[in-house]
Amino acid sequence: MTIAALVSGGVDSSVVVPLLKEQGYDPHIFYIKIGMNDDSEEWDCPSEEDVEITTWIAKKYGCKFDIIDLQKEYFDRVGRYTMDTVAKGLTPNPDVMCNSLIKFGAFEEKAGYLFDRIATGHYARQWQDANGICWLGTANDPVKDQTDFLGRLNYHQLSKAMFPIGDMPKAEVRMMAEKLNLPSATRHDSQGICFLGKINYNDYIRKYLGEREGDIIELETGKKIGQHKGFWFHTIGQRKGLGLGGGPWFVVKKDVENNLIYVSKGYDPVAQYTETVHLGDVMAMNPSVSFSEGQRIRFKIRHTPEFNTGILKLTPNGADIISDNAISGVAAGQFGIIYHASEPVVLGSGVIM
């Protein structure tokens with residue numbers, strides 16, 4: 001079996017290589033160069049240290065190593081998706097789209113198609129059942145589980161995916177890296193995709209969408225209590241960076257057409273909560289999954305260790321999740337990931353509407 005291992009220089013993807021070698025594989029290591037395809041150095045994302053560490057690992061384990069430049073594809077796909085989503089007043093999730101459009105998308109087109117499997121350092125599990133159907137399952141470590149970032153992989157992508165550390169707790173991954181003296185052993189975890197880490201997210205939005213002043217309105221009274229520099233800088237549930245006194249204040253609604261932000265005062269105001277999550281563009285993880293009316297499920301609407309529970313209600317546009325308990329921070333544009341009611345299995349996902 002031929003395996004392409006995507007190694008970023010972080011501890012998780014670094015440990016993937018010795019694990020594959022222990023299993024008798026000879027992975028070809030790839031470092032994906034991404035960024036926002038800008039001429040100025042401040043937007044240059046790939047780190048020399050990342051490449052140095054990845055090169056060191058390739059030499060240590062005698063693996064072939066190549067750098068794949070996907071900067072243009074990253075900008076055209078993830079960058080534009082992010083800006084288009086923000087401009088509509090929705091909340092994007094670049095981490096989810098980076099996996100489906102770049103790591104298992106553009107990379108597959110450039111080099112991945114030459115390999116049987118693509119291995120990454122994600123905390124997730126993939127397996128085949130007795131009928132040869134591939135499944136995406138949650139990781140052994142519930143705190144580090146990343147299936148919510150992988151829920152938009154199509155079936156071909158899932159069938160080629162390989163997650164060698166999915167059965168390992170994070171602490172064990174660290175210990176293995178230290179035992180093997182990997183240079184990434186003590187590195188801090190990355191804070192999401194490239195431009196959310198090294199580059200300030202609001203600076204990125206400002207560069208491409210600019211600023212436009214608008215009013216901040218108190219939801220309950222309709223009173224103007226402040227100003228903002230563009231609705232696209234704010235997300236539902238946000239409570240920091242509003243510049244308002246006497247809080248805490250929460251963003252609970254946006255009027256895109258009139259460039260208005262509505263806020264509510266207090267700790268977790270009632271206006272933040274809902275029991276219904278509307279999903280569009282619903283997709284199943286594999287051909288064996290079919291959604292049914294009233295089906296009990298677990299679900300996530302953000303990256304957290306905890307699951308919510310509820311039932312599915314099928315709609316002409318997709319499905320509604322009726323949560324057992326009212327939940328806060330439901331943001332249109334994010335993804336709702338649907339899990340089996342009791343088994344550690346991802347059934348599918350949809351875009352929150």
Side-chain angles (χ1 to χ4, degrees), residues 81-96 143 148-149 191-193 195-280 299-308 310 320-337 351-353:
Y81 150 79
T82 301
M83 291 303 99
D84 289 348
T85 303
V86 168
K88 294 174 184 176
L90 307 176
T91 303
N93 194 321
D95 296 284
V96 171
V143 174
D148 50 323
F149 292 140
Q191 300 301 310
I193 62 169
F195 71 81
L196 296 183
K198 181 177 177 180
I199 298 168
N200 181 278
Y201 186 52
N202 280 345
D203 287 346
Y204 176 74
I205 294 177
R206 187 176 293 106
K207 181 179 177 69
Y208 288 93
L209 296 181
E211 295 181 352
R212 180 158 63 95
E213 286 195 351
D215 295 336
I216 299 177
I217 308 294
E218 184 175 18
L219 181 69
E220 291 81 1
T221 64
K223 178 183 176 182
K224 173 185 172 182
I225 59 173
Q227 283 193 308
H228 61 83
K229 295 184 178 180
F231 68 79
W232 43 85
F233 291 111
H234 303 283
T235 59
I236 301 299
Q238 177 183 339
R239 61 170 290 183
K240 294 182 179 179
L242 294 171
L244 302 174
W249 294 91
F250 294 80
V251 176
V252 294
K253 182 182 175 183
K254 292 190 283 188
D255 181 337
V256 174
E257 186 175 345
N258 297 303
N259 193 29
L260 300 175
I261 298 292
Y262 289 88
V263 299
S264 186
K265 187 178 180 181
Y267 184 76
D268 268 2
V270 174
Q272 262 199 293
Y273 284 80
T274 182
E275 294 175 347
T276 304
V277 181
H278 304 289
L279 298 181
F299 68 96
K300 290 185 181 182
I301 59 169
R302 66 176 65 86
H303 184 56
T304 61
E306 299 81 22
F307 293 95
N308 298 292
D320 286 348
I321 297 174
I322 310 301
S323 180
D324 292 337
N325 300 296
I327 52 177
S328 62
V330 179
Q334 287 278 298
F335 297 96
I337 309 300
V351 182
I352 298 175
M353 302 171 64

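Hydrogens, waters and symmetry mates are skipped; everything else that's a heavy atom, side chains included, is used.
When all heavy atoms of Pro94 and Thr82 are compared, the closest pair comes out as CG-OG1, 3.6 Å. What you find for Ser328 and Arg302 is that their closest heavy atoms are O-NH2, 2.5 Å. When all heavy atoms of Ile301 and Gln334 are compared, the pair lying nearest together is O-OE1, 4.2 Å. The two residues Ala331 and Ile236 have their closest heavy-atom pair at CB-CB, 4.3 Å.
Legend: residues meeting salt bridge (charged side-chain N to carboxylate O under 4.0 Å, His left out) with Asp255, ordered by chain and number and at least two apart, are absent. Shown here are the salt bridge (charged side-chain N to carboxylate O under 4.0 Å, His left out) partners of Asp215, two or more places apart in sequence or in another chain: Lys224. Listed by chain and residue number, Tyr273, Glu275 satisfy the side chain to side chain contact (heavy atoms under 4.5 Å, CB included) test with Ala326 (two or more places apart in sequence, or in another chain). Under the rule for a salt bridge (charged side-chain N to carboxylate O under 4.0 Å, His left out), the partners of Arg206 that lie at least two apart in sequence or sit in another chain are Asp203, Glu211. Listed by chain and number, the residues in a ring-ring contact (aromatic ring centres under 6.0 Å, His included) with Phe335 amount to none (sequence neighbours excluded). The side chain to side chain contact (heavy atoms under 4.5 Å, CB included) search around Asn325 returns none, not counting sequence neighbours. By the salt bridge (charged side-chain N to carboxylate O under 4.0 Å, His left out) test, Lys254 pairs with no residue at all, sequence neighbours left out. Residues passing the ring-ring contact (aromatic ring centres under 6.0 Å, His included) test with His278: none are found, sequence neighbours excluded. A search for side chain to side chain contact (heavy atoms under 4.5 Å, CB included) contacts involving Leu90 returns Thr85, Lys88, Ala332, not counting sequence neighbours.
From Ile216, atom CD1 reaches atom CG of Leu244 across 4.5 Å, with rounding to the nearest 0.5 Å. Here the CD1-OG1 distance, from Ile327 to Thr274, works out to 7.0 Å after rounding to the nearest 0.5 Å.
Side-chain atoms of Asn259 do not come within 3.5 Å of backbone N or O of Gly230 as any donor-acceptor pair.
With a 4.5 Å cut-off on side-chain heavy atoms, Phe299 and Asp148 do not count as touching. Trp249 has its side chain within reach of Ile225: a pair of non-hydrogen atoms, C-beta onward, lies under 4.5 Å apart.
Counting only residues at least two apart or on different chains, no salt bridge (Lys or Arg N to Asp or Glu O under 4.0 Å) pair has a member in residues 240-252. Each ring-ring contact (aromatic ring centres under 6.0 Å, His included) pair with one or both residues in residues 214-243, not counting sequence neighbours, appears once here: His228-His234.
Ile352 pairs with exactly one of Val277, Asn93, Thr91 by the side chain to side chain contact (heavy atoms under 4.5 Å, CB included) rule, that one being Val277.
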